[in-house]
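Input: a single structure, listed below in structure tokens.
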Protein chains: 2
Amino acid sequence: MKKILITGTSGFVGGHFIHHILSGSGEFEIYGVSRSKPAWDFIPRVSDILCHHQFYEADLMDADSTKSLVKEIDPDYVLHLAAQSSVAASWSAPAASFTQNTKIFLNLMEAFRSTDTDAKILSVGSSEQYGNASQLDLPLSEDKPMCPSNPYAVARVAQEQLAMVYANGYGLDICCTRSFNHCGPGQTEQFVIGSIVRQFALIRHGKQEPVIHLRNGSVVRDFLDVRDVVNAYNILLMRGKRGGVYNVCSGKGRKIRDIVVMLSHMSGIIVDIKEELHQLRPMDNQCIIGSNTKIQSEFDWYPKISFEDTLRSMYDYRYKCLKHEIKTNER
Amino acid sequence: MKKILITGTSGFVGGHFIHHILSGSGEFEIYGVSRSKPAWDFIPRVSDILCHHQFYEADLMDADSTKSLVKEIDPDYVLHLAAQSSVAASWSAPAASFTQNTKIFLNLMEAFRSTDTDAKILSVGSSEQYGNASQLDLPLSEDKPMCPSNPYAVARVAQEQLAMVYANGYGLDICCTRSFNHCGPGQTEQFVIGSIVRQFALIRHGKQEPVIHLRNGSVVRDFLDVRDVVNAYNILLMRGKRGGVYNVCSGKGRKIRDIVVMLSHMSGIIVDIKEELHQLRPMDNQCIIGSNTKIQSEFDWYPKISFEDTLRSMYDYRYKCLKHEIKTNER
């Protein structure tokens, strides 16, 4: 049976990816590595999934552990999700953020190169790589220039360029994504839609005044449901070209403020919006929209879940979680 | 008196830069930091220069030492030369090369950011950043895409992109060069012209058969005399724009094999050429030529030393050094 290794397995995307793989027709042994154990309460049939997932608690910042792990598992496929992916954290600790993200990637690459282990590797990157894109270049296709504008984004560009060096210079079978914003049930309030959804659920439970707090409601982003994201990752992991780079995105731009309005209609809750402009980051792009023409034309991948369904499932999930939390606290 | 700090001061470029500064009309206190003491036997009036140069032996890989140094010196200008700049070494130890180059740069940036020290910083980058450039894009101007094709080059791209983040996001006064190949008296045989010149001098002294060993004689590179390079660095350090990026190059392409022919005529030594094709690197660009239009038009900088004079001074210097070496060995 073919083996898949997932780095950063315990996160939001890791859980959804494993659920996707186990729901599919292929048979795989699934290995995951992360610094903390997975919880994944947002995944259907989670106990079933946990028993199909061989979990290794390890830190990929350690080169020797990474090498031992790769030798022991000897995977056929690797989905590399592990990253410190907060832009805000990269502004407050730029050196640590940059070093951590590039080091874990290099440790992984060196583990494969030095042990001569053959595997198909998918390196997950970010739309942040495009950075201060010209609005004339929208929607952003993969040939557009990369002008990263925060420390996290520079690390992501370096990761992709290192991936190309390992693919073309050392012969590793690696391809890369530039993944735009994603969202879906289980996303935490660290991310913008996760935060808005949680606030609506708090308001519904009477735990927050009917005011939605935002950093900047006027920016436009390209959001894709995490279940469409992991479907794209599965396709690229199995069939993506060596040295290839693929946008993973919806191709549609949505203004944050409009998402608040959609959630207001959906939940029947009337809210005000308060923008915390003092929280603005040094450089925020006004509008980021990707083009998914390449992945569509090469692999016939396209988004299947409507944005309305995504918001609905996120709100339902968060509402239930909070209900449970509130009950537990009241006991 | 204004203070200049030079990182990686002990190298080939550091020595020539200090000589240039001390030969000019401005008055500066000069501080240098490096992991090893400078020798600079290739610089005229070296003892005079050494006594104008306050040298700190320190490793910029250490964040705390870097911070203490910046606080203690409190420089007005910083020329950041310190780097592990061998492409070959980056192929044999990619992770170490990448990590070292980005870490010393981040340590320096963080030292200025965290101590709120104001200084004008010139970050020296490389033509390797352009990498697998399209031949249609020659000569390469600063707006051309960067496609780095070795680990060293990826680190250089990251350094420039981080410099832009520190300039635009944190307000540091930093500008960047993309420096093409340079050469001049004192250059070691690690670099292609240094190696060819040394072989001619060895042949003249009867210490080598009349055969010049090359890795690849057919590639075309853009070579600039180190004395023109340091003049450009001085101008950019004093007047370069915050967040600006400038090519430092001759604007002319020269085939390595033609340089052998020039040296053959100059020295009167007839040689054969032997190409060590097994030494070829995974990915070598055939032709790299830069455009120096930007630095010429903004600062009226242009190369002053002819390539023939450069080769002559390199050959004369190396011939004398070898004479001295041979005498010492024969004693």
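In the text below, chain A, chain B and the rest are named by the order of the sequence lines, each starting its count at 1. What's counted below: heavy atoms across the whole structure, side chains too, no hydrogens, waters or symmetry copies.
- Within the 3.5 Å criterion, the main-chain N or O of A:Gly171 finds a donor-acceptor partner in the side chain of A:Arg242.
- Residue B:Pro148 touches chain A through both its backbone and its side chain, counting heavy-atom pairs closer than 4.5 Å.
- For B:Ser114, no part lies near chain A; criterion is any non-hydrogen pair under 4.5 Å.
- The aromatic rings of A:Tyr233 and A:His182 sit perpendicular to each other, their planes meeting at more than 60°, with 30° as the lower class boundary.
- Here A:Trp91 and B:Tyr170 bring their ring centres to under 6.0 angstrom of each other.
- In terms of non-hydrogen atom pairs under 4.5 Å with chain A, the most contact-rich of B:Asn107, B:Thr102, B:Leu106, B:Thr99 is B:Leu106.
- Ring geometry, A:Tyr56 versus A:Tyr31: the interplanar angle falls from 30° to 60°, so the pair is classed tilted.
- Proximity of a side-chain donor or acceptor of A:Asn150 to a complementary backbone N or O of A:Ala153 within less than 3.5 Å is detected.
- Residues B:Arg178 and B:Glu160 are paired through a salt bridge, judged by an N-O separation under 4.0 Å between the basic side chain and the carboxylate.
- For chain A, the nearby parts of B:Gln161 are the backbone and the side chain; heavy atoms of each come within less than 4.5 Å.
- The contact between B:Phe98 and chain A is made entirely by side chain atoms (from C-beta outward), counting heavy-atom distances below 4.5 Å.
- Contact annotation for A:Tyr166: only side-chain heavy atoms (C-beta onward) come within less than 4.5 Å of a heavy atom of chain B.
- With a 4.5 angstrom heavy-atom cutoff, A:Pro145 does not touch chain B via any of its atoms.
- Looking at B:Met146, the atoms closer than 4.5 Å to chain A (heavy atoms on both sides) all sit in the backbone: N, CA, C or O.
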